[in-house]
Amino acid sequence: MADTLAQHKPFIADGGHGGGIIDAAGSGDPGGGHPHGASRRAYRTGMWFSMLGICMFFLAFTSSYIVRSGLSDDWVPVAIPSLMWWTTLLLIASSLTMEKTRRALSSGHRAELNQWLGATLLLGFGFLVGQVAVWRELASRGVFLTTNPSSSFFYLLTASHGIHLLGGVLALLYIAREAWLYRLGPAKRTLVEVTAMYWHFMDGLWVYILMLLWLWR
Amino acid sequence: MSHASGAHAVHAAPTGFIWKYIFSLDHKVIGIQYYLLALTAVWTGMILSLYMRLRLAWPSAELPLMGGIMTPEQYIAMVTMHGTIMVFFVLTTAPMGGFGNYILPIQIGALDMAFPLLNMLSFWVTFVAFIVMLSAFFVTGGAPTSGWTGYPPLSAVGEVAGPGLGLGQTLWIVSIALFCVGALLGALNFITTTLDLRTKGMTLMRMPLTVWSWFITSILGLLAFGVLLAAGVLLLMDRVAGTSFFIPGGLVISEQIISHKGGSPLLWQHLFWFFGHPEVYIAILPGMGAVSHILSTFARKPVFGYKAMVLAMSSIGAVGFMVWGHHMFISGMSPYTAIAFSVLTLSIGIPSAIKTFNWLGTLIGGKIRLHTPMLYSLGFVSLFVTGGLSGIFLGQPSLDLYLHDTYFVVAHFHMVMGVAAIFGIFAASHFWFPKMFGRMMSEPLGKIHFWVTFIGVYAIFMPMHYMGIAGHPRRYAETSGVEYLGALQPLHVIITIAVIVVIAVQFVFLFNFIWSLFRGEKASINPWESTTLEWTVPSPPPHDNFGGKLPVVYHGPYEYSVPGASADFIMQTSTEKVPDHH
Amino acid sequence: MAVLLAGVIAVITLVSMYLFSVEAWWMPPYISEYGQAYDAHFHLTMIICGIIFFLAQLGLAYAIFRYRDRGQKVSYSHGNNTLEVVWTLATAVLFWGIVLWGTHIWASVHLEAAPSNAVQIEAWGQQFAWYFRYPGPDGKFGTIKPELMKESSGNPLGLDLTDQAALDDVVMPIVAVPVNRPVELILRSKDVIHNFFVRELRIKQDLVPGLENRLHFTASQTGRFEVPCSELCGLGHYQMRTFLDVKPEAEFNSWLQENAPQY
């Protein structure tokens with residue numbers, strides 16, 4: 001190392017003088033030194049980009065679906081069980097109750113919050129159970145994963161969505177636990193908001209998948 | 001661990017070995033973990049390449065651990081594993097997971113990544129993926145023999161098509177899927193951290209080019225790995241669940257009828273390369289960022305055309321998603337789309353050329369200090385130019401008609417995304433080692449390593465261009481099967497000798513790395529007289545990076561040799577005036 | 001150090017260029033109608049890339065040498081937008097120009113259909129052998145069935161002998177073609193992806209199971225040319241090789257007759 005290197009010390013690194021450093025402790029942000037609200041914003045940013053990533057995952061399935069249906073001579077469209085329309089209704093309803101939950105939290109109505117949260121969870125579970133019932137119905141009709149490419153995609157898309165939605169249900173369970181322990185104050189607002197974003201996204205994704213399966217036959 | 005799940009960057013400094021060094025939430029520890037994982041992986045991949053080279057040069061030699069002469073299937077398994085390990089666990093892992101994790105939060109003035117728990121999770125998922133990948137060597141049938149691109153039907157139909165295509169291939173897919181998950185979580189963290197955790201004054205256009213490169217790379221990763229994950233799920237289903245996404249009907253393998261029908265092998269290629277081409281840039285962009293940064297530091301001169309560099313990297317990223325078809329010119333894809341893909345492919349040469357011009361522009365008029373990181377960065381520029389130019393041949397479907405899948409391709413991608421990216425990693429290693437470990441690496445050892453490696457890689461990969469032009473197909477276990485390849489055998493021997501020398505000198509790097517950890521000269525805060533935030537904190541930085549004080553940024557990252565300034569560099573946190581250069 | 005690095009870069013550059021220019025390891029002479037255009041465009045690309053290679057590497061070497069640290073004053077500059085625009089446009093014109101200039105070769109291989117008088121031959125790949133099927137005197141390829149594909153019983157392509165059109169199909173492990181006659185290959189695979197590559201024809205094309213890729217060419221010289229598989233197809237990939245036999249028309253016809261099946 002050249003001598004000149006050792007002699008040169010950066011002139012602000014050794015302390016607060018020189019104006020280059022602010023004292024994090026004095027900035028009134030106990031959560032850390034980040035600009036106020038950074039972590040709240042980070043959760044939202046993170047969620048937006050996760051949704052983008054999930055979109056790419058399902059876009060890949062979509063393009064495969066379209067390509068595969070286009071070149072297949074053994075494509076027998078799956079007749080969508082009527083039960084699926086009902087489960088769809090459940091999911092849409094859960095989106096509404098999720099929205100109610102979010103609003104109840106920001107306006108501080110604890111009892112209301114608990115009701116809507118419970119309803120959302122119930123509807124979410126209902127959807128997943130309904131989904132299993134849909135698979136069982138298809139199986140009883142003799143439509144399995146490997147029956148033909150259309151049914152392969154049917155199971156694949158619905159199961160992939162189900163796994164993603166299960167993640168949302170787990171988040172709701174965590175929120176419910178926090179509510180149960182009276183820890184769901186405005187400080188946890190971000191958690192609920194981000195979960196709501198995800199939940200609505202799952203709702204939209206479901207409608208998209210349903211339309212794909214229904215319309216692109 | 002009080003804020004384990006939080007986006008709060010400050011988590012209390014952990015106590016106890018396990019929480020401090022194994023399941024750490026600290027981005028610096030996780031960065032080093034990623035780096036060590038990549039180091040393990042690169043030695044694994046390199047030893048595999050040594051075996052391959054020995055087999056090619058002396059086909060009948062008995063090699064240790066192979067139980068005698070290496071079989072063709074062992075050779076192909078090594079081709080597959082070498083490619084997979086190098087692309088995923090080295091070129092994706094070291095620049096992003098390693099240096100990105102360690103340096104990015106400090107360079108933008110953050111106390112940690114946005115989601116520390118997610119960060120830890122992404123490392124451990126990647127780690128498990130690596131273990132699963134290696135385990136493929138030890139199962140019945142051995143490692144997969146379908147190449148790192150895993151083209152079906154070869155990769156989809158199972159053992160009937162050859163050894164390694166049973167459990168080994170399944171483990172390969174599972175490993176890749178896990179890797180995708182880890183990479184997606186990592187990308188999410190990088191993007192959020194860059195967008196939301198920049199300190200006061202750190203505007204986007206004041207971010208070091210390293211940060212830009214990691215940021216753009218993360219966006220590529222987020223968009224690309226989801227697609228590979230989906231493709232991996234489909235391939236796995238074809239293998240284990242009996243679906244026919246990629247397997248067409250009427251296959252007869254070794255006189256056995258395959259029951260699948262109707263699938264499309266090209267569909268996999270489209271999905272794979274939609275990921276695969278951006279992956280090339282995932283490997284090289286962080287190298288470009290680090291090299292731009294280092295060239296400026298050691299030329300004592302601002303980066304030439306900072307905005308052009310940012311634009312060039314962004315457009316490389318964007319266009320990188322529209323060129324995947326150039327891997328498929330001769331696959332049977334529509335010949336019209338081939339033309340569209342070729343024009344887009346050559347378009348990517350434009351920002352690449354801009355970057356090269358700007359690197360030269362940075363050097364010209366500077367005062368170049370040739371420390372080891374600088375040597376590697378200059379080597380990077382040379383290799384990038386060489387590797388990039390062969391891309392002009394391969395990007396043209398007309399010329400690809402002959403060159404496709406020959407050694408010319410091997411030479412091209414090794415130069416540009418293999419060796420150049422590795423040089424970026426070497427440059428970054430020597431550059432940031434003092435910051436990461438508090439000691440300098442040995443300059444003499446670093447220089448010996450550089451010289452032999454630099455000349456060595458040219459000796460290895462230049463001849464491969466000639467072999468490609470002579471029509472040598474890649475992934476051949478030996479040249480005995482085709483008469484005209486006999487004339488190329490001497491080149492194989494020369495290349496292998498060069499490989500042995502280059503691998504031998506990698507021990508110098510390893511020795512330098514380990515020796516310097518304990519015996520290296522103590523590093524000062526800012527040994528390279530650089531300007532960015534990591535050089536304002538102790539080496540190594542404290543747990544929360546800035547010791548409770550957050551930096552405020554007043555300048556762009558490359559204020560070197562500012563006329564009238566008190567030193568030939570102005571820290572980003574300095575309040576010293578810089579003349580407006582706009 | 002700077003002098004050394006500049007020197008090494010310059011030497012590497014010049015040696016590499018020399019080894020390209022002597023063409024010691026190179027493409028063999030072409031025998032197809034694409035050859036002349038291919039070689040011309042290959043050389044053009046080589047020359048352009050060679051010039052860029054030379055200028056960029058020597059420029060790098062020069063910068064390292066000229067601006068080595070001798071205590072000189074650094075010229076403080078953040079760049080030059082005019083220069084950025086100029087070299088962006090210059091590269092764009094050059095790169096787009098070169099790709100569009102060469103596209104006619106691709107077009108003649110893939111966008112133009114085979115002439116109607118082309119000899120049709122089916123090329124089949126399997127692990128790790130080639131089979132070529134000629135339609136026989138009736139000019140029609142007979143039905144084939146995967147379940148009949150048995151090399152062990154002498155029917156590698158699964159000809160369905162209940163189909164009249166299949167009875168005169170000639171199946172051979174090498175491909176013979178008449179000289180100066182257009183040939184159309186229909187490329188198919190029994191198992192995994194293979195690749196048909198003849199250096200002298202300057203073309204290659206994948207054989208993808210489930211697809212019928214096509215390739216047409218006219219060989220202008222008689223002789224025997226190697227066909228190495230050029231897509232990884234498994235452990236025997238390196239020895240999956242056959243020959244392209246370009247014969248005078250009469251010889252080709254008698255070759256076909258000699259190998260006609262005797263059922």
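In what follows, every chain begins at residue 1, and chains take the letters A, B, ... in the order their sequences are listed. The figures that follow rest on heavy atoms only: side chains count, while hydrogens, waters and symmetry mates do not.
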For this session: Check step by step if side-chain contact (heavy atoms from CB on, under 4.5 Å) holds for B/Thr243 and A/Tyr155.
Result: CA-CA 11 Å; B/Thr243 55; A/Tyr155 282 99; over 6 Å; no

For this session: Evaluate whether atom CZ of A/Phe125 has more than 12 neighbouring non-hydrogen atoms of other residues, nucleotides or ligands under 6.0 angstrom away.
Result: no

For this session: Check whether any side-chain N or O of A/Arg68 sits under 3.5 Å from a backbone N or O of B/Ser244 as a donor-acceptor pair, and report yes or no.
Result: yes

Exercise. Counting heavy-atom pairs under 4.5 Å to chain B, which of A/Leu191, A/Thr45, A/Asn148 comes out on top?
Worked result: A/Thr45

Problem set entry | Pick from B/Leu228, B/Leu234, B/Leu266 with the largest number of heavy-atom pairs that fall under 4.5 Å of chain A | B/Leu234

Exercise. Minimum heavy-atom separation for A/Phe49 to B/Leu195, with atom names?
Worked result: CE1-CD1, 3.6 Å

For this session: Check each atom of B/Phe246 against the heavy atoms of chain A and say whether the ones under 4.5 Å are side chain, backbone, both or neither.
Result: neither

For this session: Please indicate whether A/Arg103 has more than 12 foreign heavy atoms, meaning atoms of other residues, nucleotides or ligands, lying under 6.0 Å from its CZ.
Result: no

Problem set entry | CG-CD1 distance between A/Leu52 and B/Ile219, expressed to the nearest 0.5 angstrom | 9.0 Å

Exercise. Does any non-hydrogen side-chain atom of B/Leu222 lie less than 4.5 Å from one of A/Met56?
Worked result: no

For this session: Look at A/Val67, A/Leu59, A/Leu145 and state which one has the largest set of heavy-atom pairs under 4.5 Å with chain B.
Result: A/Leu145

Exercise. Heavy-atom distance under 4.5 Å to chain A: side chain of B/Leu271, backbone, both or neither?
Worked result: side chain

Exercise. If you count heavy-atom pairs under 4.5 Å with chain A, which of B/Cys180, B/Gly201, B/Ser264, B/Gly263 comes out on top?
Worked result: B/Gly263

For this session: Specify which of A/Cys55, A/Ser50, A/Ser160, A/Ser63 makes the most heavy-atom pairs with chain B at under 4.5 Å.
Result: A/Ser50

For this session: First locate atom CG of B/Asp238, then atom OG1 of A/Thr146, and finally report the distance between them rounded to the nearest 0.5 Å.
Result: 11.0 Å

Exercise. Is it true that atom CH2 of A/Trp48 has more than 12 heavy atoms of other residues, nucleotides or ligands lying nearer than 6.0 Å?
Worked result: no

Problem set entry | Segment of B/Leu223 engaging chain A (4.5 angstrom heavy-atom cut-off) | both

Exercise. Are more than 12 heavy atoms from other residues, nucleotides or ligands located less than 6.0 Å from atom NZ of B/Lys447?
Worked result: yes

Exercise. Would you call the rings of A/Tyr43 and B/Phe115 parallel, tilted or perpendicular, where under 30° means parallel and over 60° means perpendicular?
Worked result: tilted

For this session: Using a cut-off of 6.0 Å, state whether more than 12 heavy atoms not belonging to A/Trp116 lie near its atom CH2.
Result: no

Problem set entry | Interatomic spacing from CZ in A/Arg41 to OG1 in B/Thr192 - rounded to 0.5 Å | 11.0 Å

Problem set entry | B/Phe245 and its side-chain contact (heavy atoms from CB on, under 4.5 Å) partner, picked from A/Ser64, A/Ser152, A/Pro149 | A/Ser152

Exercise. Between B/Ala231, B/Pro248, B/Ala230, B/Gly226, which shows the greatest number of heavy-atom pairs under 4.5 Å with chain A?
Worked result: B/Ala230

Seminar exercise, completed: Honestly, the part of B/Leu229 sitting under 4.5 Å from a heavy atom of chain A is both

